[in-house]
Amino acid sequence: MKSADNIPERDFFITEDVVGLSRRLLGMKLISASEKGRCVGIITETEAYLGETDRASHAYGGRRTARTEVMYREGGVAYVYLCYGIHSLLNVVAGPGNKPYAILIRGLYLLQGLDVMAEKLQRKKEIDVLKDGIGPGKLTKAMGIDLSHNGIELFRPGRLWLEETGLTFNGGMVKIGPRVGVEYAGEDALLPYRFLVDNKTAAIEIKKAGLV
DNA sequence: AACAAGATTAACT
DNA sequence: GTTAATCTTGTTA
């Protein structure tokens, strides 16, 4: 169908409203392209990380190292890092630059490239679109995203990018709560920066929107 | 130079 | 419910 028309402007990511942007990422397409083929997922779970003032952020207190450097760029690039030595976690960098805002992608509804994903996940049978896109480490594996994707610009086609779908989840479908796995962050661990749409609900809406 | 911890997951008991 | 897998990073426990 369309090509560049559906890709958000860079301005979309250059905002101070990281929490709002996290909410708006729900329903957008995440697309990865490789020699194996193209993989597409609809974003169904995100978490906002508010940079220097957020105890849960890697850039808390203004920490600026080789790893966190990409977070200080203008919004719209990918921040991928290795967690527990095993999992590559994908974030969308946000903000006007010099502010290390990031949004962790925690869940997708897997839409296209299921055969490629099955291979990446080392499964013998078909993958489960309702489950295999859930979890920040699992979805990157399915989509073939690793540390080499760090810094990629997500507002134009390449190896990894985002596209608008026109799909929006209404308020009742989006669960909001505290972030996962950040108990060490004290009071910041309680902040309602996590946005989640149940994949079963997402599947219904995605069909309604004619994206299947 | 060495080490403890981590925005996790799958496979156990 | 518990634990192993696995390795980069930031700190020096």
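None of the values given here were measured: they were computed from a predicted structure. Numbers restart at 1 for each chain; the letters A, B, ... are given by sequence-line order, proteins then strands.
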> What is the base-pairing partner of C/dT6, counting Watson-Crick and G-U wobble geometry with both distances under 3.5 Å?
Replying inline: none
>> Any base atoms under 4.0 Å from A/G85, or only sugar-phosphate, or nothing? Heavy atoms, all strands.
In response: base
> Rounded to the Å, how far apart are A/R63 CZ and C/dG10 C1'?
Replying inline: 7 Å
>> Just the rounded figure in Å: distance from C1' of C/dC7 to CZ of A/R67.
In response: 12 Å
> Rounded to the Å, how far apart are A/I86 CD1 and C/dT3 P?
Replying inline: 16 Å
>> Using modelled atom types and a 3.5 Å cut-off, is there a donor and acceptor pairing between side-chain atoms of A/R179 and backbone atoms of A/D188?
In response: yes
> How would you label the contact of A/L104 with the nucleic acid (heavy atoms, under 4.0 Å): base, sugar-phosphate, or nothing?
Replying inline: base
> Hey, does the side chain of A/N91 reach the backbone of A/Y79 with a donor-acceptor pair shorter than 3.5 angstrom?
Replying inline: yes
>> Testing the 3.5 Å rule here: is there a donor-acceptor pair between the side chains of A/D17 and A/T15?
In response: no
> Quick one: does A/S57's side chain have a donor or acceptor within less than 3.5 Å of a partner on A/Y101's backbone?
Replying inline: no
> Whole Å only: how far is the NE2 atom of A/H87 from the P atom of C/dT8?
Replying inline: 15 Å
> Nucleotide range of DNA chain B contacted by chain A, 5' to 3', under 4.0 Å to a heavy atom?
Replying inline: B/dG6 to B/dA10
> Whole Å only: how far is the CG atom of A/L82 from the P atom of C/dT6?
Replying inline: 12 Å
> Short question: side chain of A/E47, backbone of A/V180 - any donor-acceptor pair under 3.5 Å?
Replying inline: yes
>> Please report the distance, rounded to the nearest Å, between CG in A/L89 and P in C/dT9.
In response: 13 Å
> C/dA13 and C/dT9: how far apart are their C1' atoms, nearest whole angstrom?
Replying inline: 15 Å
> Expressed in whole Å, how much space separates the P atoms belonging to C/dA4 and B/dA4?
Replying inline: 16 Å
> Taking A/T140 for the side chain and A/S88 for the main chain, is one N or O donor matched with an acceptor at less than 3.5 Å?
Replying inline: yes
> When the distance from OH of A/Y184 to C1' of C/dG10 is rounded to whole Å, what number comes out?
Replying inline: 13 Å
> Under 3.5 Å, is there a donor-acceptor pair between the side chain of A/R159 and the main chain of A/I152?
Replying inline: no
>> Rounding to an integer number of Å, can you tell me how far A/L147 CG sits from C/dT6 P?
In response: 16 Å
>> With a 3.5 Å limit on both atom pairs, tell me what C/dA13 is paired to, counting Watson-Crick and G-U wobble, or say none.
In response: none
